[in-house]
Amino acid sequence: EVQLVESGGGFVQPGESLRLSCSASGFTFSRYAMHWVRRAPGRGLEWVSGINADGDHTAYANSVKGRFTISRDNAKNTLYLQLSSLQTDDTAMYYCSKARPGYDSCYGSLCYDPNMRGQGTQVTASS
């Protein structure tokens with residue numbers, strides 16, 4: 001059974017940083033692209049970032065480019081998202097997601113599986 005467990009969220013002031021982690025199990029983590037997505041209050045699911053299986057190619061939504069950094073440690077089956085210069089608009093529940101079936105190597109915005117994500121970790125940026 002695929003399990004994704006996010007952690008690292010919290011309450012911060014605008015401009016501060018957080019590091020999110022996602023521990024994966026139940027599948028061969030190193031063979032799949034992985035993604036971070038988020039859901040802000042009253043809004044739909046938004047793709048944030050993706051990374052290929054080897055960790056040497058990444059992609060970001062324009063809204064977070066230059067502020068967020070995705071990475072992974074395949075030896076630890078763990079995905080990360082470094083959030084810097086947080087803004088109030090970044091307030092959301094953050095989820096990690098596995099690439100959708102048939103798109104195992106795709107790290108672009110259309111390739112995450114909305115049905116394969118963890119319970120989420122809340123990030124709140126507010127003064």
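Side-chain atoms are counted along with the backbone in the values below, which use heavy atoms only and exclude waters and symmetry mates. Predicted model only: the values in this text are computed from it and were never measured. By convention here, the first residue in the shown sequence is residue 1.
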Rounded to the nearest 0.5 Å, how far apart are [atom1] of [X] and [atom2] of [Y]?
{"X": "K65", "Y": "S49", "atom1": "NZ", "atom2": "OG", "result": "10.0 Å"}
{"X": "T58", "Y": "F68", "atom1": "OG1", "atom2": "CZ", "result": "14.0 Å"}
{"X": "S7", "Y": "Y94", "atom1": "OG", "atom2": "OH", "result": "15.0 Å"}
{"X": "L20", "Y": "L83", "atom1": "CG", "atom2": "CG", "result": "5.0 Å"}
{"X": "S21", "Y": "R72", "atom1": "OG", "atom2": "CZ", "result": "13.5 Å"}
{"X": "N62", "Y": "S109", "atom1": "CG", "atom2": "OG", "result": "10.0 Å"}

Grab the two heavy atoms, one from [X] and one from [Y], that are nearest each other, plus how far apart they are.
{"X": "N74", "Y": "N77", "result": "O-OD1, 3.2 Å"}
{"X": "S126", "Y": "T88", "result": "CA-CG2, 4.5 Å"}
{"X": "R31", "Y": "A53", "result": "C-CB, 3.8 Å"}
{"X": "C106", "Y": "A99", "result": "O-CB, 4.1 Å"}
{"X": "R117", "Y": "L45", "result": "NE-CD2, 3.9 Å"}
{"X": "L4", "Y": "E6", "result": "O-OE1, 3.8 Å"}

- Query: Are V37 and V64 linked, directly or through other ILVMFWY residues, by side chains that come within less than 4.5 angstrom of each other?
  - Reply: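 No, it is not one cluster - the side chains of V37 and V64 are not joined through contacts under 4.5 Å.
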- Query: Are L18 and I51 in one and the same hydrophobic cluster, where Ile, Leu, Val, Met, Phe, Trp and Tyr link if side-chain heavy atoms are under 4.5 Å apart?
  - Reply: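 Yes; I51 is reachable from L18 via cluster members.
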Does [X] reach the side chain of [Y], with side-chain heavy atoms less than 4.5 Å apart?
{"X": "S17", "Y": "V12", "result": "no"}
{"X": "Y107", "Y": "I70", "result": "no"}
{"X": "H35", "Y": "C111", "result": "yes"}
{"X": "V5", "Y": "Q119", "result": "yes"}
{"X": "L79", "Y": "F29", "result": "yes"}
{"X": "R67", "Y": "Y60", "result": "no"}
{"X": "W47", "Y": "S97", "result": "no"}

- Over 60° means perpendicular and under 30° means parallel, so classify the ring planes of Y32 and F27, tilted if in between.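 Perpendicular: the ring planes of F27 and Y32 meet at over 60°.
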- Message: Please determine whether side-chain contact (heavy atoms from CB on, under 4.5 Å) holds for the pair M34 and K98, giving the CA-CA distance in whole Å, both sets of side-chain angles, and the decisive distance to 0.1 Å.
- Response: CA-CA 5 Å; M34 295 293 295; K98 184 175 168 288; 4.2 Å; yes
- Message: My understanding is that only one of T121, D90, T91 makes a side-chain hydrogen bond (donor to acceptor under 3.5 Å, both in side chains) with R38; could you say which?
- Response: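 With R38 as partner, side-chain hydrogen bond (donor to acceptor under 3.5 Å, both in side chains) holds for just one option, D90.
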